[in-house]
Protein chains: 2
Amino acid sequence: MERAGGGLMTNIKDVAERAGVSVATVSRVLNGRSPVAETRERVLAAVRELGYRPNNVARALRTARTGALGLIISDLTNPFFTELADAVEDAARSLGYSLVIGNAGERPDQQDDYIRTLLDRRIDGLLVSSAGTGSAMLSEAVASGTPLVLLDRTVPGIDAPCVRADGHGALTDLAAHLAALGRRRPAIIVAPGGTPTGDERLELFRTALAAHGIALPDERVGATLDLQHTGGRRVMSDLLDLPEPPDAVLATDNLMALGAMDELRARGLRVPDDVALVVYDDVPWFRHTDPPLTAIAQPTRDLGRAAVHTLLECVEGRRPDSVLLPARLVPRRSCGESRAAD
Amino acid sequence: MERAGGGLMTNIKDVAERAGVSVATVSRVLNGRSPVAETRERVLAAVRELGYRPNNVARALRTARTGALGLIISDLTNPFFTELADAVEDAARSLGYSLVIGNAGERPDQQDDYIRTLLDRRIDGLLVSSAGTGSAMLSEAVASGTPLVLLDRTVPGIDAPCVRADGHGALTDLAAHLAALGRRRPAIIVAPGGTPTGDERLELFRTALAAHGIALPDERVGATLDLQHTGGRRVMSDLLDLPEPPDAVLATDNLMALGAMDELRARGLRVPDDVALVVYDDVPWFRHTDPPLTAIAQPTRDLGRAAVHTLLECVEGRRPDSVLLPARLVPRRSCGESRAAD
DNA sequence: CCGTTCCATGTAATCGATTTCATCCTTGGC
DNA sequence: GCCAAGGATGAAATCGATTACATGGAACGG
């Protein structure tokens, strides 16, 4: 079974022959073990002349370490996850690992498919920003002994460390911010079907508002069908049709916020004059909208870095704790000028 | 060297024992070769009971096929490339391949690093959307016999098929569009240091304008230092400071367009009233800006799909041609209303 | 000067699959 | 009833590395 391109990859045996030593010696030189200066030189010369590069597949088989990490991401076209992936990739590479990306596209079956593939590839560890809640393969992944770390989203039955942002402080600040600006009828747009993340953001927001005597009644809690822009738009439309429409809206995902903005603009409503708008996830684009959007910024790059470090602790046999990094409020102009409320 | 987690991965030998057959038979059953119905059942039962999954590393070593493709992308946080990566990932997965992503971050050295890693991993094929022009590792990649396809960007000395979009038609349409709207002083913002892509877009735009008797003098050709938002903003500022500032600007990359928009807004200039703005790459966000931006849309998903198909042809030993897919103009409101010019 | 130690190196086992080749059994034709 | 053919199966080679173990020579202490 000849390799298609007529590949002329040299192997360790070629190097050994050329240098007049055994393959063991070559291996030792390349891995910085014993050999004496003179032999070492001959081997390195042979390596250079032949352009030899060790076959990682063979090495992985023998050592049971592939040097690759897997990342399952819920949606590659969502800028929040993109930035997360970018950070993870960066951290992984700087530690000598490469990254196999699986895009679950918010579909649990596809996610399972990918987890299976990655396990078959014997990646050294797996990072999962899970789509949906229940996932059969996730339990199988922990059962297989492959180090696993959850990213951004927890999964109820899964016993693995989770790295994510804590919205408590930011949502508390946000409630105060809105209260100070005189907003009395807040609303929230959350992800479909009671995901842990969405539920948590809702509860935190609600109790934070309550501290200022502001209610968040159920009719102003809009659940989208998808996590996309169209879902956000539809829900915003419903909210605006209420007898008492909201004067402030928090969208718990950036794509949904985009849809919400479109609906506001389509109705000729102004931000922040008619409705204040706040978005979860501070993706760069929101700094350039008109007006710039007040956002709850998750420490995306830190999350990515922390996730990789946590995962590598697992790989080395330790059992690290979950990581919670604080999100923070980034006030811009989409809720109104602060001084206008003083 | 025990696997850290105390992994209990079963191997083909376990299955063979349990089914009371040889490993060869197990392998044959799993690969759909000869065995008779009854043996087959016993093997499959054993596989099921043990939860056996073949070790892809071992399989790859033996068959010299890893079932993985590599994708080197210039900038993972650029939405155009994200969509491209998403499309590639989709196409690859649907054909049974998984995707290892390398993020070059527009740095040639990092790109080389990644190509090396991917070659060491013996990926079955490599897609490269190259950062910069000269790349030593790229030649080494072709030399190694690894199938290679260039994506979106050509690279002068490299003899490999290239899949990209052809801006000719779109830029011709754009020139007509601008001429019809009475714009007489166009400008262009291009990538730094005369990249093949930037040069080509500039030349096409210039000749298309010439057909309408409109000149694109060198002082209205702004080259950025980086491909990022800040570069775009700086160049836009320089253009506006010209004695004869442009009345229409084409930004040849979406991040640069974003910077350009910010500069316009900061100066209180209105789009399209004061300056028309056109962006290369129709990323979803530009549909939601105010006003929605006229864009040159590359067939991103088709490019991704075509790239994977072309690459797999190489993998199967053929020598496919380069692919050129037409980009098209998507007129929105950022150049002014069409009827206003009639 | 001999025996122990240690170091560089080679030989061969190993990782977990696929695949060639040999073997055995069944089947069928004459 | 015998021989050829063919199908199912097993034993063993193989992919390309790492590494445990064996070996041989140099250095060194007593």
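Below, chains carry the letters A, B, ... as their sequence lines are ordered, and counting in each starts from 1. Since we're looking at a predicted model, the values are computed, not measured. Because only heavy atoms are used, hydrogens play no part in the values below, and waters and symmetry mates are left out as well, while side chains stay in.
You'll find a donor-acceptor pair under 3.5 Å spanning the side chain of A:R62 and the base of C:dT14, going by distance alone.
Each end of the helix from C:dC1-D:dG30 to C:dC30-D:dG1 gets its own rotation axis from five pairs of C1' atoms, and the angle between them is 50° to the nearest 10 degrees.
To the nearest angstrom, P of C:dC15 lies 11 Å from CG of B:D14. Atoms CG (A:L61) and P (C:dA17) sit 9 Å apart, rounded to a whole Å. Atom-to-atom, CG of B:D120 to P of D:dA17 comes out at 10 Å; the value is rounded to the nearest Å. With rounding to whole Å, A:K13 atom NZ is found 15 Å from C:dG10 atom P. What separates CZ of A:R59 from C1' of D:dC15 is a distance of 16 Å, to the nearest Å. If you take CZ of A:R122 and C1' of C:dA17, they are 11 Å apart, rounded to a whole angstrom. Distance CZ (A:R65) to C1' (D:dT19): 16 Å, rounded to an integer number of Å. Taking atom CD1 of residue B:I12 and atom P of nucleotide C:dA17, one finds them 5 Å apart after rounding to whole Å.
No donor-acceptor distance shorter than 3.5 angstrom exists from the side chain of B:R48 to the backbone of B:V43, with no hydrogens or angles considered. A distance-only check finds no donor-acceptor pair linking the side chain of A:R62 to the backbone of A:V57 [under 3.5 Å]. The backbone N or O of A:N103 lies less than 3.5 Å from a partner atom in the side chain of A:Q110, making a donor-acceptor pair.
Smallest separation of non-hydrogen atoms from A:R53 and B:R122: O-NH2, 3.6 Å. Nearest approach of A:G125 to A:L311, heavy atoms of both residues: C-CD2, 3.7 Å. Across every non-hydrogen atom of A:V88 and A:G304, the tightest pair is CG2-CA, 3.7 Å.
A:N31 comes within contact range of the sugar-phosphate backbone alone, with a heavy-atom separation under 4.0 Å but no base atom that close.
Between B:N11 and C:dG16 there is a side-chain N or O to OP1 or OP2 distance below 4.0 Å.
Residues from residues 17-30 of chain B that place a heavy atom under 4.0 Å from any atom of DNA chain C, listed by number: B:A24, B:S27, B:R28. Within residues 38-51 of chain A, the residues that have a heavy atom under 4.0 Å from DNA chain C are, in order of number, A:T39.
Shown are B:D86, B:L325, B:L84; of these, the side-chain contact (heavy atoms from CB on, under 4.5 Å) with B:T300 is made only by B:L84.
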Indicate every side-chain donor-acceptor pair of residues 17-25 of chain B with a distance under 3.5 Å to a residue at least two apart or in another chain.
{"from": "B:R18", "atom 1": "NE", "to": "B:E49", "atom 2": "OE1", "distance (Å)": "2.8"}
{"from": "B:R18", "atom 1": "NH2", "to": "B:E49", "atom 2": "OE1", "distance (Å)": "2.7"}
{"from": "B:S22", "atom 1": "OG", "to": "B:A24", "atom 2": "N", "distance (Å)": "3.4"}
{"from": "B:S22", "atom 1": "OG", "to": "B:T25", "atom 2": "N", "distance (Å)": "3.4"}
{"from": "B:S22", "atom 1": "OG", "to": "B:T25", "atom 2": "OG1", "distance (Å)": "3.4"}

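For A:N31, the side-chain contact (heavy atoms from CB on, under 4.5 Å) partners two or more places apart in sequence, or in a different chain, are A:S27, A:R33, A:R59. Every residue meeting the side chain to side chain donor-acceptor pair (under 3.5 Å) condition with B:D159, not counting sequence neighbours, appears here in chain and number order: B:R319.
A salt bridge does not link A:R164 with A:D152: every distance from a Lys NZ or Arg NE/NH1/NH2 to an Asp or Glu carboxylate oxygen is 4.0 Å or more.
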